[in-house]
Protein chains: 2
Amino acid sequence: MNQSSMRRNPPPPRTEPPSLAERIRLEMESFTPSEKRAAHLLLSHYPFAGLDTVAEFASRAGISAPSVLRFVTRLGFSGFPDFQKHLREELEAQLLSPLAKASPSDKGQGAPALASFAEAVIGNLRATVENIAPAEFDAVVALLSDPRRHIHFTGGRFTGALARYAESHFRIVRSHVDFIEGQPALWRDRMIEIGRKDVIVAFDIRRYQEDVTALCETAARQGATVVLLTDPWLSPIARVARHVLPAHIVAPSNWDSSAGLLLLTEALVAAVTKRLWETAKPRMETVERLRNEQS
Amino acid sequence: MNQSSMRRNPPPPRTEPPSLAERIRLEMESFTPSEKRAAHLLLSHYPFAGLDTVAEFASRAGISAPSVLRFVTRLGFSGFPDFQKHLREELEAQLLSPLAKASPSDKGQGAPALASFAEAVIGNLRATVENIAPAEFDAVVALLSDPRRHIHFTGGRFTGALARYAESHFRIVRSHVDFIEGQPALWRDRMIEIGRKDVIVAFDIRRYQEDVTALCETAARQGATVVLLTDPWLSPIARVARHVLPAHIVAPSNWDSSAGLLLLTEALVAAVTKRLWETAKPRMETVERLRNEQS
DNA sequence: CAGGTTCTGAAATTTCTGATACAGGTTTTA
DNA sequence: TAAAACCTGTATCAGAAATTTCAGAACCTG
């Protein structure tokens, strides 16, 4: 008799996922006294009150632990951990919303698509920079500025292009720079020469590519230093990497965005060029002269 | 009852919210490899990654549970629950004061290079988007979405990598896509097959490369449609290009930044993928299946 | 006011989490 | 090159947390 199969809400909340808090407010009437106390506590400190232990929650609400359990069960969760998981996910989604709000809304075409895409990418860049430890970045700069080291760039299907981009710049700034194809057959032979003096800079984002991982593991086993540019979920290469620089990659697209990786790459190029300026300058001038002579 | 009812407080942080994240970034270099992985995971999903169980956190970070425990102990917490409590409190405090968002912007001097570089790049992206004519962008999307067209990507020394990046994506979304090396010797032969049905997408920024220009001029003479992604000063290719998308490239570096070009590329990929979704989806699934079979 | 229903919490039970000891392996130091 | 220090994962344990059971309390209902 409690539910006469009514439609829930005349104006159903449109876009946003129905927050748990909202649902609790709507169902408040049907709660028992104990459940109401639990609901009030949760709503008044939403959602943090629910992130504590059952005992803590019960104590703060002035009810017993079983009552709390009955409350969350009544809300449709399989147990208290399930309930907490939902709260955390909801909170995380809400906190990341400024980025998520722009993307799904306007599916128009042309400029709006470009503009919103750009905003998402910009958000990625900011997030990327904030999550990079300055010391880590500096350490990589120092590593790539060491003239005694040999630098090898590599990457996967899509990120391979970024590795090439990095290589094409570093090649001019300093010596001992090359690009390694990801396919095992193409690098197996060269591995014999990889050792402690070598640095592997690998680009690898999700749908992590096994051959790139294999390359890095082999190189690491030989004593090479591995630097990894990846996404926040970390390629398995992180296992053997000495330095890891994660970049945010999620964009309103069926594809991931590599803009963050490019940003890091260009920042590294800029920093290393500055650091090696004394030797880089003449190299750059020479390259320029050779180019002109040729044509 | 075991509570000594005493707040443990090593360094009284009563001034500003010295975010735990910030501290981790500063101490990053003193961490062991395992600890770094834990730190990276936490920072990349701050602070939600830390609200799970130890086992979950360890698994996601790719390390063992004890390493996680050692990590939080090293940060000065008495145990994992204490660590989680701190994260919750920090999160709650931050969520209640929207003005706290200004804090992460000003880094001391750790890597102002990276932060300011990022800001410059972001400025480039905004400027790029504003200076693109929506109609021009849409026209390019339509062109690249035409299944009867054959698409060829090319670029110069540095921008060639971007052309490869574009090609590696479009190749999956649609058929008749390839990459042309910039050196004349490598494309002269193929020019015989270039005609009205072909689209050349060229990447070229200052220090404009003569061979790329030559390629485009030849192709245009044969009736091909040329799309140019360049800088605001426009590569000479613009004379024969049907569509031109300029991107801002100036950065605080001895090198130009290609981030704007990458943004346009990714936006084009996203738009074309969406437009061709009916045919692109099965293609992407097939590619995925082939990849899995192979490995 | 009895009988039935619903609600609630104390205590018992079970599950699972966080913590520790220890040993193999690696890097650093002498 | 050998020794020492350090790092890290496996196995294990202790204890806390969530869950269930069950009996009593509160509240209708006729």
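Letters A, B, ... mirror the listed sequences (proteins, then strands); counts begin at 1.
- Look at CZ on B/F83: it is 16 Å from C1' on C/dA19, rounded to the nearest Å.
- In the set D/dT19, C/dG9, D/dC7, the nucleotide with an atom closest to the side chain of A/P81 is D/dT19.
- Heavy-atom neighbours of A/R164 CZ from other residues, nucleotides or ligands within 6.0 Å: above the threshold of 12.
- One atom, NZ of B/K85, and another, P of C/dG18, lie 16 Å apart when rounded to the nearest Å.
- At the phosphate of C/dT8, OP1 or OP2 sits under 4.0 Å from a side-chain N or O atom of A/S34.
- Rounded to whole Å, the distance from CG on A/L69 to P on C/dT8 is 14 Å.
- Counting any heavy atom pair closer than 4.0 Å across all strands shown, B/A65 reaches no nucleic acid atom.
- No more than 12 heavy atoms of other residues, nucleotides or ligands sit less than 6.0 Å from atom CZ of A/R207.
- Between its opening and closing five pairs, the helix from C/dC1-D/dG30 to C/dA30-D/dT1 changes axis direction by 30°, a value rounded to 10 degrees.
- As a whole-Å value, the separation of B/E35 CD from D/dC6 C1' is 11 Å.
- The environment of CZ in A/R242 is sparse: at most 12 heavy-atom neighbours from other residues, nucleotides or ligands sit within 6.0 Å.
- For B/P66, the listed nucleotide lying nearest its side chain is D/dA11; candidates were D/dT19, D/dC7, D/dA11.
- A heavy-atom distance below 4.5 Å is found between the side chains of B/F31 and B/M28.
- Distance CZ (A/F71) to C1' (C/dT6): 19 Å, rounded to an integer number of Å.
- In this structure, A/F170 has its ring center under 6.0 Å from that of A/F153.
- For the OP1/OP2 pair of C/dA10 and a distance below 4.0 Å, the side-chain nitrogens and oxygens of A/S64 include no atom meeting the criterion.
- Atom NZ of A/K197 sits in a crowded spot, with more than 12 heavy atoms from other residues, nucleotides or ligands closer than 6.0 Å.
- Between the P atom of D/dA17 and the CZ atom of A/F57 lies a distance of 16 Å, rounded to the nearest Å.
- Taking for each of B/R70 and B/Q84 the nucleotide of DNA chain C with the nearest heavy atom, the 5'-most of the two is the partner of B/Q84.
- Checked against C/dA19, D/dG9, C/dT8, the side chain of A/P33 finds its nearest nucleotide in C/dT8.
- In this structure, the CZ atom of B/F80 is 6 Å from the P atom of C/dG18, given to the nearest Å.
- Neither OP1 nor OP2 of D/dC6 sits under 4.0 Å from any side-chain N or O of B/T32.
- Taking atom CG on A/D52 and atom C1' on D/dA16, their separation rounds to 14 Å, with Å as the unit.
- The phosphate of C/dC16 has neither OP1 nor OP2 within less than 4.0 Å of any side-chain N or O from B/T53.
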| request: Take A/T230 and A/Y208, measure what side chain to side chain contact (heavy atoms under 4.5 Å, CB included) needs, and give me the verdict at the end. | output: CA-CA 9 Å; A/T230 183; A/Y208 311 112; 4.0 Å; yes
